[in-house]
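So that we are looking at the same thing, I have put the structure below in structure tokens.
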There are 2 protein chains.
Amino acid sequence: MLHLLRAYFERDEPITDEQFDLIQSKFILKQLKKGEFLLREGEIARYGAFVAKGCLRSYVLDNKGKQHIVQFAPENWWLTDADSILQNKPTIYFMDAIEDTAVFLLDPSSHIFLLQHVPAYATQFQTGIQKHAAAKDKRIVASLSSMAEERYKEFIQTYPSIVQRVPQHMLASYLGIMPETLSRIRKQMAKKK
Amino acid sequence: MLHLLRAYFERDEPITDEQFDLIQSKFILKQLKKGEFLLREGEIARYGAFVAKGCLRSYVLDNKGKQHIVQFAPENWWLTDADSILQNKPTIYFMDAIEDTAVFLLDPSSHIFLLQHVPAYATQFQTGIQKHAAAKDKRIVASLSSMAEERYKEFIQTYPSIVQRVPQHMLASYLGIMPETLSRIRKQMAKKK
DNA sequence: CTTGTCCATTGACATAGATCAAGAAACAAA
DNA sequence: TTTGTTTCTTGATCTATGTCAATGGACAAG
């Protein structure tokens, strides 16, 4: 799995073996079987997770016990609850693996250490933060301004690889609609074109 | 207005006059009349804006020309399009003043300078980023899991001061519902209690 | 005071999407 | 293959919210 971690940090600029040793020494590899949890509601998050292989998701339960998927995290994405880590407060999220998944865990102090000592880490971190923030903005705008069908199309455009690998009902949950509705939307779209 | 800027950076730790001089020298004060724009769709954002007094909002136009409010920024909030600044790409947002407003503008290189030279700046920046990110997460979760009435109640809880000062139809736009619907929700709530 | 503009309210109706119920596929395990 | 799970589809209704249209209040400008 280590080569995947290295490839990620070398995307923009190559890094030396020494630097990668530093990185490597801070991350903890964890293998998750499909369905295993990384974090549950009520726990305090202690790590950020980098997905080397597989796919995680995070979701919340509403007051009726219904799941709502907040994020998918396939290869090269990060998943964490920064709020919980930084404020030492219980998370509202569940995070689990929707396939067999390999993640690298990083605790906050290691994170700060790497920021200060490995420029390539700082670069990728910055890029990652931005990407996440932009994705969130896009999602908020979509939820305000688009009907379900448009949001689905936009999702397909933005995350074609995710569409292939997650079951439809999870997509529906992410989009904020019922599986039945997504099924009907797909039928509509198939007919039109 | 400078004392407001100073008060913001001194919230957690006092700062010296020298440090504040440094801060002061980088910010540009701009006064906006109600209705004046800070940024329009298609422009490239050049500054982050700190609201010292008054209130800004950002919104997008959907393909039918309808406004959707993405954010309100009252005193001590920041408003910017990081994506546009950092990627040098045209913004999709309009940002304007909903009251007479005083903002302090900061360009990216000054931002980096202050991060490196004024610890209190770095601290407040970090806190601000977190606050924004948490607010976005909360909003995404709410849009997935709550009906209009619950979202409205949550908004009142979270931003009581904003409710007082913005017209109802803007609140509706932020909540993703029509003004008529918000009016009906308020009527319902008044009846119940 | 009068006029115009903006905003909130209310009603009648339309529609996107939810809910409930039943099957049909798909797929894995035995 | 048979059986059991899980996922997807389809139909019949129900409900929250949007749309359209009219009215009345608040407030600013003349």
Side-chain angles (χ1 to χ4, degrees), chain A residues 33-36 55 57 59 61-69 72 96-100 139 141-156 162-193, chain B residues 33-36 55 57 59 61-69 72 96-100 139 142-156 162-192:
Chain A
K33 286 277 165 205
K34 178 176 175 176
E36 271 190 273
C55 191
R57 68 168 172 171
Y59 65 88
L61 293 186
D62 67 20
N63 42 34
K64 283 169 200 141
K66 198 171 144 191
Q67 285 185 8
H68 301 276
I69 296 184
F72 293 111
D96 64 356
I98 60 180
E99 307 169 359
D100 291 356
R139 193 156 176 210
V141 169
S143 82
L144 291 175
S145 60
S146 308
M147 303 272 92
E149 180 172 342
E150 301 170 68
R151 296 205 305 276
Y152 175 57
K153 283 179 183 164
E154 192 176 316
F155 187 90
I156 293 174
I162 295 184
V163 179
Q164 311 304 335
R165 58 207 282 198
V166 316
Q168 242 169 255
H169 70 272
M170 286 192 190
L171 267 191
S173 170
Y174 180 95
L175 293 171
I177 58 181
M178 300 304 294
E180 294 94 327
T181 302
L182 181 52
S183 175
R184 288 177 179 118
I185 286 172
R186 285 164 53 86
K187 193 181 173 187
Q188 278 298 327
M189 285 171 59
K191 212 186 298 179
K192 281 181 192 165
K193 182 58 185 315
Chain B
K33 287 273 165 206
K34 178 175 174 175
E36 270 190 273
C55 190
R57 68 166 172 174
Y59 64 90
L61 293 185
D62 67 21
N63 41 35
K64 283 169 200 140
K66 197 170 145 190
Q67 287 185 8
H68 301 276
I69 295 183
F72 293 109
D96 63 357
I98 60 180
E99 308 170 357
D100 292 355
R139 194 157 174 208
S143 82
L144 291 174
S145 59
S146 307
M147 304 273 90
E149 180 172 340
E150 299 170 70
R151 296 206 304 276
Y152 175 58
K153 283 179 184 162
E154 192 176 316
F155 187 91
I156 293 175
I162 295 184
V163 179
Q164 311 304 335
R165 57 207 283 197
V166 316
Q168 243 171 256
H169 70 273
M170 286 193 190
L171 266 191
S173 170
Y174 180 95
L175 293 171
I177 59 181
M178 300 304 294
E180 294 94 329
T181 303
L182 181 53
S183 175
R184 286 177 180 119
I185 285 171
R186 285 164 52 85
K187 194 181 171 186
Q188 278 299 325
M189 285 172 58
K191 211 185 298 178
K192 280 180 195 165

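Lettering of chains follows the sequences in order, A, B, ..., and the numbering in each one begins at 1.
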(message) Quick check for you: to the nearest 0.5 Å, what is the distance between B:Ile98 atom CD1 and B:Ile69 atom CD1?
(response)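 One finds 7.0 Å between CD1 of B:Ile98 and CD1 of B:Ile69.
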(request) Grab the two heavy atoms, one from A:Ala172 and one from A:Leu182, that are nearest each other, plus how far apart they are. (result) N-CD2, 3.8 Å
(request) Look at the side chain of A:Thr181 and decide which nucleotide, out of C:dT19, D:dT17, C:dA18, has an atom nearest to it. (result)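 Between C:dT19, D:dT17, C:dA18, the one nearest the side chain of A:Thr181 would be C:dA18.
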(message) Expressed as a whole number of angstroms, how long is the span from B:Lys66:NZ to D:dC20:C1'?
(response)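 Rounding to the nearest Å, NZ of B:Lys66 and C1' of D:dC20 are 13 Å apart.
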(message) Using the side-chain heavy atoms of A:Met178, tell me which of these nucleotides is nearest: C:dA18, D:dG18, C:dT9.
(response)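 Among C:dA18, D:dG18, C:dT9, the one nearest the side chain of A:Met178 is C:dA18.
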(message) Under 4.0 Å from OP1 or OP2 of D:dC8: is there any side-chain N or O of A:His169 that close?
(response) yes
(message) So for B:Glu180 and D:dC20, does any side-chain atom that can act as donor or acceptor lie under 3.5 Å from a complementary atom in the base?
(response)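 Counting by modelled atom types and ignoring angles, a donor-acceptor contact under 3.5 Å is found here.
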(message) Of the listed nucleotides (C:dT19, C:dT10, D:dT17), which one gets closest to any side-chain atom of A:Arg184?
(response)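 Out of C:dT19, C:dT10, D:dT17, the nucleotide with an atom closest to A:Arg184's side chain is C:dT19.
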(message) The side chain of A:Met147 is closest to which nucleotide in this list: C:dA16, C:dT9, D:dC8?
(response)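 Nearest to the side chain of A:Met147 among the choices is C:dA16.
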(request) Taking only the side-chain nitrogens and oxygens of B:Gln168, find out if one of them lies under 4.0 Å from OP1 or OP2 of C:dT9. (result) yes
(request) Please report the shortest heavy-atom distance between A:Phe72 and A:Met170, naming the atom on each side. (result)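 That closest heavy-atom pairing would be CZ-O, 3.8 Å.
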(message) Can you see if the side chain of A:Ser183 gets near the phosphate of D:dC8 - specifically, an N or O under 4.0 Å from OP1 or OP2?
(response)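 For D:dC8, OP1/OP2 do not have a side-chain N/O of A:Ser183 under 4.0 Å.
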(message) For a quick check under 3.5 Å, do B:Tyr174 and B:Arg57 share a side-chain donor-acceptor pair by atom type?
(response) no
(message) Please determine whether a side-chain nitrogen or oxygen atom of A:Lys187 lies at a distance below 4.0 Å from atom OP1 or OP2 of D:dT10.
(response) yes
